[in-house]
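Before any comments, here is the structure.
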Amino acid sequence: DGGITQSPKYLFRKEGQNVTLSCEQNLNHDAMYWYRQDPGQGLRLIYYSQIVNDFQKGDIAEGYSVSREKKESFPLTVTSAQKNPTAFYLCASSTPNRGRGGTEAFFGQGTRLTVV
Amino acid sequence: AQKVTQAQTEISVVEKEDVTLDCVYETRDTTYYLFWYKQPPSGELVFLIRRNSFDEQNEISGRYSWNFQKSTSSFNFTITASQVVDSAVYFCALYTPGANSKLTFGKGITLSVRP
């Protein structure tokens, strides 16, 4: 089945450590996104990538880094510079679907990161 | 810049009541797409509907209906005869294609349907 896989589902990190969240898609989508969700804040865009080897900062990129070496993979690293990393992280992918007149984003199941 | 505003943060209704979730958007682009997503307690976002800027027809899907009005930049979502399973967080989102296209979400509306 086509879809997006995020791993792990739950992740615990000690203060001062870097940690990498995985996002893999087999939908052959060009664009991929990372969002952070905090209670009452909705979804905020961290980074996004329209094509391989290219990515742009979103609204809250500080303390995060990404890479896009392969079309199907868009890992997110939460660095020690991110002062408040405890949150729910969602990965998404999309591609223009001209036959249906638009684009649609597909989401993974999310990773809940907790700093201990 | 683009923006999505969901002014309602929490709504609580009794089962079988109708409920409307509001969404107001801002964009300078003439071509754009609007979405509604549902996020149940499990966390995964579930796609509900997509509407492009050139199609102002309202849509009905079972108990769900959507009212798109470009004149007021609104894309409201109505659930008729609500059920407990409708309890979730609902997000409205805006996508504008182009060199730096991205999905912008509202803050979400938490809907609680009581038996």
Side-chain angles (χ1 to χ4, degrees), chain A residues 2-6 8-11 23 27 29-51 54-61 74 87-113, chain B residues 1-10 21 23-25 29 31-57 59 66 68 75 88-111:
Chain A
I4 299 181
T5 303
Q6 285 187 245
K9 191 171 182 180
Y10 299 96
L11 188 57
C23 179
L27 300 163
H29 285 174
D30 294 312
M32 296 187 75
Y33 310 80
W34 273 105
Y35 292 88
R36 171 180 170 142
Q37 186 176 24
D38 296 281
Q41 295 287 331
L43 291 165
R44 292 185 290 169
L45 182 63
I46 305 172
Y47 269 97
Y48 61 107
S49 167
Q50 299 295 330
I51 56 172
D54 188 42
F55 47 84
Q56 289 81 40
K57 293 181 179 180
D59 301 316
I60 55 165
F74 191 41
F88 187 59
Y89 292 86
L90 277 160
C91 178
S93 70
S94 73
T95 193
N97 189 334
R98 306 188 201 287
R100 287 158 52 184
T103 189
E104 180 178 327
F106 292 81
F107 286 84
Q109 291 188 312
T111 294
R112 190 167 298 279
L113 174 63
Chain B
Q2 55 188 52
K3 184 179 177 181
V4 176
T5 301
Q6 295 181 260
Q8 305 151 309
T9 53
E10 295 184 20
L21 311 181
C23 174
V24 174
Y25 63 92
D29 290 76
T31 300
Y32 53 89
Y33 302 91
L34 295 162
F35 303 81
W36 275 96
Y37 286 88
K38 175 181 180 180
Q39 186 179 40
S42 62
E44 187 172 0
L45 281 167
V46 177
F47 167 81
L48 294 178
I49 190 172
R50 172 188 60 248
R51 175 66 68 223
N52 72 57
S53 52
F54 300 108
D55 182 3
E56 283 194 76
Q57 284 189 346
E59 182 159 336
W66 290 269
F68 177 29
F75 186 43
V89 182
Y90 290 86
F91 291 96
C92 181
L94 169 68
Y95 175 85
T96 52
N100 288 308
S101 58
K102 60 181 180 179
L103 276 170
T104 300
F105 284 82
K107 290 189 175 183
I109 302 169
T110 300
L111 174 65

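Note that these values count all heavy atoms, side chains included, but never hydrogens, waters or copies made by symmetry. Chain A is the first sequence line, chain B the second, and so forth, proteins listed ahead of strands; every chain is numbered from 1.
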Contacts of A:Y33 meeting side chain to side chain donor-acceptor pair (under 3.5 Å) (sequence neighbours excluded), chain-then-number -> A:S94
Okay, B:F54 and chain A: the region with an atom under 4.5 Å from a heavy atom over there is neither
So, the part of A:Q37 with a heavy atom under 4.5 Å from chain B: the answer is side chain
Turns out that what part of A:L45 lies under 4.5 Å from chain B's heavy atoms comes down to side chain
Taking the ring of A:F107 and the ring of B:F35, is the distance between their centroids below 6.0 Å? no
For A:A31 and A:Q50, the nearest pair of non-hydrogen atoms, with its separation, is CB-OE1, 3.7 Å
Contacts satisfying salt bridge (Lys or Arg N to Asp or Glu O under 4.0 Å) that involve residues 34-45 of chain B (not counting sequence neighbours) are none
Turns out that what part of B:Q6 lies under 4.5 Å from chain A's heavy atoms comes down to neither
